[in-house]
Amino acid sequence: MTTVLTPASPLTAADRCDRCGAQAYLRIVLTSGGELLFCAHHGRKFEPELKKIAVEIQDETGRLTTTPATAEPDER
């Protein structure tokens with residue numbers, strides 16, 4: 001049996017951390033079929049344990065350090 005994972009959609013501001021309610025930047029797909037969402041802080045905190053139970057980790061924490069394309073020149 002072959003398992004095909006469909007690409008996960010990008011996380012949005014509506015996706016919230018399951019631990020604290022902050023904006024989620026990590027989606028962890030579990031071997032059991034469920035998923036967890038974490039902010040960058042809690043993603044780093046629980047990373048060693050999450051790697052043991054994850055099928056896939058979608059990490060969008062890089063967005064925290066990029067400048068939005070809509071930023072004014074003096075905001076860059």
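Remember, it's a predicted structure, so these values are computed and weren't measured experimentally.
Under the ring-ring contact (aromatic ring centres under 6.0 Å, His included) criterion, the residue pairs touching residues 19-39 are Phe38-Phe46, with sequence neighbours excluded. Screening residues 8-18 for salt bridge (Lys or Arg N to Asp or Glu O under 4.0 Å) gives no qualifying pairs among residues at least two apart or on separate chains. Each side chain to side chain donor-acceptor pair (under 3.5 Å) pair with one or both residues in residues 46-55, not counting sequence neighbours, appears once here: Glu47-Lys51, Glu49-Lys52.
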Distance-only check: which donor-acceptor pairs under 3.5 Å involve side-chain atoms of residues 26-33, not counting sequence neighbours?
unit_1, atom_1, unit_2, atom_2, d
Arg27, NE, Glu35, OE1, 3.4
Arg27, NH1, Ser9, O, 2.9
Arg27, NH1, Gln58, OE1, 2.7

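Closest approach of Leu64 and Ala40 over heavy atoms only: CD1-CB, 3.7 Å.
Separating the CZ atom in Arg19 from the NE2 atom in His41 is a distance of 9.0 Å, to the nearest 0.5 Å.
Residues satisfying the side chain to side chain donor-acceptor pair (under 3.5 Å) test with Asp59, not counting sequence neighbours, are Thr61. Arg63 pairs by the side chain to side chain donor-acceptor pair (under 3.5 Å) definition with Glu60, not counting sequence neighbours.
The shortest side-chain heavy-atom distance between Gln23 and Cys17 does not fall under the 4.5 Å cut-off.
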